[in-house]
There are 2 protein chains.
Amino acid sequence: MTESSATKDPRYRAAVVDLLGVIAYGEISAFDRLAADAKLAPTLEDKVALATMAAVEMTHVASVRARIVELGADPFATMAEFAAPITAFHDHTQPADWYEGLVKAYVGDSLACDFYREIAEFLDPETRELVTEVLADTGHSQFVVDRVRSAIEADPQLGGRLALWGRRLMGEALAQAQRVIADRDALTGLLAGADTPGMDLVAIGQLLARITERHADRMAQLGLDS
Amino acid sequence: MTESSATKDPRYRAAVVDLLGVIAYGEISAFDRLAADAKLAPTLEDKVALATMAAVEMTHVASVRARIVELGADPFATMAEFAAPITAFHDHTQPADWYEGLVKAYVGDSLACDFYREIAEFLDPETRELVTEVLADTGHSQFVVDRVRSAIEADPQLGGRLALWGRRLMGEALAQAQRVIADRDALTGLLAGADTPGMDLVAIGQLLARITERHADRMAQLGLDS
C-alpha cells in the first residue's frame, strides 16, 4: 500500500490509527511499570538501567503521537481506546519481585514488538518505518539476560518460578491481543484482508507460530524453559 | 580553569565529580517523583506530559554518568553519596495532589538548575558546557504554567495553598543544599575558593539573592505570591 492510499483510504487509515494508538498506550503503560519496577532494584545501577528503559518508551510515544496527529486523529482519545486490555494485562501480571519485573520487561516487550512488526509488514512504507523504529530494542536486553542468568545460577529454584512466570506472560499477552483484535473492526480488517492484502487464517496461524518460537528462544537465552 | 587542570588537579577533579554526582542523583530522584506524579494526572495528555519530563531526566543522567567515568570515578558510588539529602528533600516535600506535584516539578527543578548553573560559572569550559546542557529546561515549563494558572482561576483558594507550598519548597531546598555543602569538603573548596577562583561570602550572598529573585519571578508566572 502506498503512502497516498494510507492517508486517502479511510478504512485503512482507521486501522493504522488504531495500531498506532495501541502501540502508544502500550508504551505509556510500559513506562509506568518500568518506573515502578525501578524502585525494586537492588542497586542504584540496576535502578538506572530500568529507569532508562522506561525513558526510551516515552521517546517512542512522542513519534507515534505525532503520526496519529498527521493522520488527522486525536492522539489521546485514540490511545485511551486501548486502556482496558492493556491495563488488564498489567493487572494480571504484576511482578512479585525484581526478577519477575525483569523477565516481564524483556519477554513482554519483545512479544509486543514481534507482534507489531509482523503487522507492520502489511502497512505502507512510512508507517512500517515508524513502527519498526519505535519498537527497536531499548538496548537493555543484555542487561536483563545477564541479571537473570546469574540470579538463576545462584538460586536454581528461581529458574522454575521464572519459567512458569514466562508462560503466564505469554498466555495473558495472547488473551489480551485477541480482545483488542475482537473489539476493533478496522484492525481486524487489516489482519484478515477485508480491504487490504491482509492475512488469511493460515497466515495468522503461521504468524502465531513464529511469535511463539521467538518467545521460546528468548526464554532459552534467559536460561529458562518455555 | 582549563580542561587539562580539570583532570590533573585532584582536588578540583574531586569537586567536579561531587557536583556531577549530586546532579545525577537529583535527576534520578526527579525521574522517580515525576513518574509517580504522572499517575495522579487527571487526563492521559497530562500524564504523558509528566512522564515525558521524567524521561528527559534519564537522558541527562546518561551524559553525566559518562563524564564521571571519564574523570576516573565510579558513577554509582559517587551518586549514592548524595542519596540522603536528596531523599530527605523529597520526603519532606511530598505533593498532596496533582497541583502540588506540578508546582514542585517546575519550582524545584528550576531552583536546582539555577544553583548548579551559578556554580558552573566557576568550572572548566567542558564541565560547564555539560552542566548547562543537562540542566536545560525540559521544555515543559509552559505546560505547568498553563495548568496551574487555569486551576487557580477556577479555584482561588488553591492559589493560597500553592503559594505556601512554594515557600516550603524553597526552604527545604536551601536546608538540603546547606547540608550537601557542609558534608562535602571538595565542593565547599570550590565554592569558597580554597584552591580555585571560588566565591567569597559576599559572592555567595549575591548568588542566593539572585536565586531567590528568580524563584519569586517563577512563582509570579504561576500566578502565586512568593
Side-chain angles (χ1 to χ4, degrees), chain A residues 20-66 68-69 73-84 86-87 90-91 134 138-140 143, chain B residues 20-66 68-69 73-84 86-87 90-91 134 138-140 143:
Chain A
L20 298 178
V22 68
I23 290 176
Y25 197 91
E27 305 231 42
I28 294 167
S29 296
F31 169 88
D32 268 349
R33 181 201 71 212
L34 290 165
D37 288 352
K39 288 184 199 286
L40 302 173
T43 69
L44 186 56
E45 184 171 2
D46 288 348
K47 180 194 179 85
V48 168
L50 239 65
T52 305
M53 290 167 80
V56 173
E57 304 280 359
M58 293 314 296
T59 322
H60 295 166
V61 169
S63 318
V64 175
R65 173 182 169 180
I68 295 175
V69 172
D74 175 333
F76 297 107
T78 303
M79 295 177 203
E81 294 277 345
F82 300 97
I86 291 173
T87 304
H90 289 300
D91 286 350
V134 302
T138 46
H140 293 76
F143 164 80
Chain B
L20 297 177
V22 68
I23 289 175
Y25 198 91
E27 304 231 42
I28 295 167
S29 296
F31 169 89
D32 268 349
R33 182 201 71 212
L34 290 165
D37 289 352
K39 287 182 200 286
L40 301 173
T43 69
L44 186 57
E45 184 172 3
D46 287 349
K47 181 193 177 86
V48 168
L50 238 64
T52 304
M53 289 169 81
V56 172
E57 305 280 358
M58 294 313 296
T59 321
H60 294 166
V61 169
S63 317
V64 174
R65 174 182 168 180
I68 296 175
V69 171
D74 176 332
F76 298 107
T78 303
M79 294 176 203
E81 294 277 346
F82 300 97
I86 291 172
T87 303
H90 290 299
D91 287 350
V134 302
T138 47
H140 293 74
F143 164 80

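Convention: sequence-line order gives letters A, B, ...; per-chain numbering from 1.
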Contacts of residues 35-45 of chain B with chain A (heavy atom under 4.5 Å):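 Only B/Ala35, B/Lys39, B/Leu44, B/Glu45 of residues 35-45 of chain B have a heavy atom under 4.5 Å from chain A.
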Winner by heavy-atom pair count (cut-off under 4.5 Å) against chain A, out of B/Lys47, B/Met79, B/Met58: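 Heavy-atom pair counts peak at B/Met58.
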Inter- and intrachain pairs under ring-ring contact (aromatic ring centres under 6.0 Å, His included), touching residues 22-53 of chain B, at least two apart: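 Non-adjacent pairs meeting ring-ring contact (aromatic ring centres under 6.0 Å, His included): A/Phe31-B/Phe31.
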Which atoms of B/Ala54 approach chain A - backbone, side chain, both or neither, heavy atom under 4.5 Å: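 Contact with chain A is through the side chain of B/Ala54 alone.
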Contact check, side chains of A/Ile28 and B/Val48, non-hydrogen atoms, under 4.5 Å: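 SC-SC contact between A/Ile28 and B/Val48 confirmed.
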